[in-house]
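To find a chain, count down the sequence lines: A is the first, B the second, and so on, and within it residues start at 1.
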Amino acid sequence: MYLQATILLQPVRTVAVLDERILSGVSAEALDLSLAGKQFISTQRHGKRLFLRLQDDLWLTLHLGLTGSLFYLPARVVEADVVEVVPSHTRLLISFQNDCRLAFDDPRIFGEVGLTKSPSIFLAERKIGPDALQLNLDGFLEIMHGRRGAIKAMLLNQSLVAGLGNLYADESLFQAGICPRSRSLGEKELMALFSSIQEVLKTALSTGANLANLPDSYLLPHRHAAGTCPRDGSQLKHEKIGGRTSYYCPKHQKIVG
DNA sequence: CCACATGTTCATTT
DNA sequence: AAAATGAACATGTG
């Protein structure tokens, strides 16, 4: 993983909070105090959340929100000065003792940075459900069983299953051939959906979450107003479901339930 | 200028 | 009361 290859085992020098609005439950001073002199020893992902372990009972939590990115900045030394160039919307800047830095860039500030004693405590507090890729079929069926809302809205609900956002929820439904407005899916549809989710997320991770690298047979490369279904050529439809825009193929994504 | 956007949370309604 | 629904948040882009 990106972070593991870059920032592990390197002592932190300072933490600069450039915009306090990304902080959650911790002050800029406390954050700097907690991190200075420590090093990150491991990383963990759960859904869309990242946890960076500092020591046994202290973890940095990160969420990239809608528009957040992490940039590892190697030290650039020119004539004895460290060059100061960071991404334009950097909200948090962690400087390491080797002059490398980690910038958290987030134009829209929906991202979040905090501290916790453990990922499990944090996840319980926020009522975050099991990670989609750690869940097995039986767990998925149990969670989804008996719910009445639109399946798209359920996939977006992180307290049921964590890790699917608007795009990958659309993609999973597309591949399972299920209309996002469907309610009360039967076991057969839920099984197909579960396997599509696993497939989609694994593919997404293998491409480094880079949408441009997804196969053309996926919905996402065609997910725009004029797009057509890569499977049958139909004009894609889009509408708001669960508060977010959903794209789907009206021909092969049937309404169930 | 207006509509809209890869996410989460909180208030309101069913 | 649990589940469902919709608005709000902040800023950039078409």
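- Between the NE2 atom of A:H224 and the C1' atom of C:dG14 there is a distance of 15 Å, rounded to whole Å.
- Contacts of A:T67 with the nucleic acid, taken as non-hydrogen atoms under 4.0 Å apart, are absent.
- Distance A:L64 CG to B:dA5 P: 21 Å, rounded to the nearest Å.
- Comparing B:dT6, B:dT8, C:dA10 by their nearest atom to the side chain of A:L167 picks out B:dT6.
- Nucleic acid contact class of A:K240 (heavy atoms, under 4.0 Å, all strands): sugar-phosphate only.
- The two residues A:L160 and A:M154 make their nearest non-hydrogen contact at CD1-O, 3.8 Å.
- Of all heavy-atom pairs between A:R13 and A:A36, the closest is O-CB, 3.8 Å.
- Side-chain atoms of A:S246 and A:K152 form a donor-acceptor pair, as typed in the model, at a separation below 3.5 Å.
- Straight-line distance between the P atoms of B:dA3 and C:dA7: roughly 14 Å, to the nearest whole Å.
- A:V200 and A:Y247 fall into different hydrophobic clusters, where Ile, Leu, Val, Met, Phe, Trp and Tyr residues are linked whenever their side-chain heavy atoms come under 4.5 Å apart, directly or through other members.
- Taking atom CG on A:L66 and atom P on C:dT13, their separation rounds to 13 Å, with Å as the unit.
- Between B:dG7 and A:H63, no contact under 4.0 Å exists linking OP1 or OP2 to a side-chain N or O.
- Within the 4.0 angstrom heavy-atom criterion, only backbone atoms of the sugar-phosphate kind lie near A:I109; the bases stay farther away.
- Each of C:dT11, B:dT6, B:dG7 was ranked by its minimum atom distance to the side chain of A:K48; first place goes to B:dG7.
- With no hydrogens or angles considered, a side-chain donor-acceptor pair links A:T67 and A:D106 at under 3.5 Å.
- Of the residues near DNA chain B, A:L156 and A:Y247, the one whose nearest nucleotide (by heavy atom distance) lies more toward the 5' end is A:Y247.
- A side-chain donor-acceptor contact under 3.5 Å links A:D216 and A:H222.
- Atoms NE2 (A:H89) and C1' (C:dG12) sit 7 Å apart, rounded to a whole Å.
- OP1 or OP2 of B:dT9 lies within a sub-4.0 Å distance of a side-chain N or O belonging to A:R126.
- Rounded to the nearest Å, the gap between the P atom of C:dA1 and that of B:dT9 is 22 Å.
- The strand DNA chain B forms stems, runs of 3 or more Watson-Crick or G-U wobble pairs with distances below 3.5 Å, at B:2-5 with C:11-14, B:7-14 with C:2-9.
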Does A:F174 form a ring-ring contact (aromatic ring centres under 6.0 Å, His included) with A:H252? I'd like the steps, not just the answer.
CA-CA 8 Å; A:F174 173 86; A:H252 84 270; 4.8 Å; yes
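- For the pair A:T228 (side chain) and A:Q235 (backbone), a donor-acceptor distance under 3.5 Å is absent.
- Among the protein residues, A:E112 comes within range of no part of the nucleic acid, since none of its heavy atoms lies under 4.0 Å from any strand.
- No donor-acceptor contact under 3.5 angstrom links the side chains of A:S217 and A:R231, judged on distance only.
- Candidate nucleotides B:dT6, C:dT11, B:dG7 were compared by shortest atom distance to the side chain of A:R91, and C:dT11 ranks first.
- For the residue pair A:V12 and A:V15, the shortest heavy atom distance occurs at CG1-CG2, 4.1 Å.
- In this structure, A:Q158 atom CD and B:dC10 atom P are separated by 15 Å, rounded to whole Å.
- We find that CG of A:D106 is positioned 10 Å from P of C:dT11, with the value rounded to whole Å.
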Close N or O pairs between protein and nucleotides 3-7 of chain C (under 3.5 Å):
unit_1	atom_1	unit_2	atom_2	d
C:dA4	OP1	A:R148	N	2.7
C:dA4	OP1	A:G149	N	2.7
C:dT5	OP1	A:R183	NH2	2.9

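- We find that NZ of A:K127 is positioned 13 Å from C1' of B:dC10, with the value rounded to whole Å.
- Comparing C:dA10, B:dG7, C:dG12 by their closest approach to the side chain of A:R108 singles out C:dA10.
- Rounded to whole Å, atom C1' of B:dT6 lies 17 Å from atom OH of A:Y218.
- A:Y248 and A:R181 share a side-chain donor-acceptor pair at under 3.5 Å.
- Atom P of B:dA11 sits at a distance of 16 Å from the matching atom of C:dA10, rounded to the whole Å.
- At the phosphate of B:dT8, neither OP1 nor OP2 sits under 4.0 Å from any side-chain N or O atom of A:R49.
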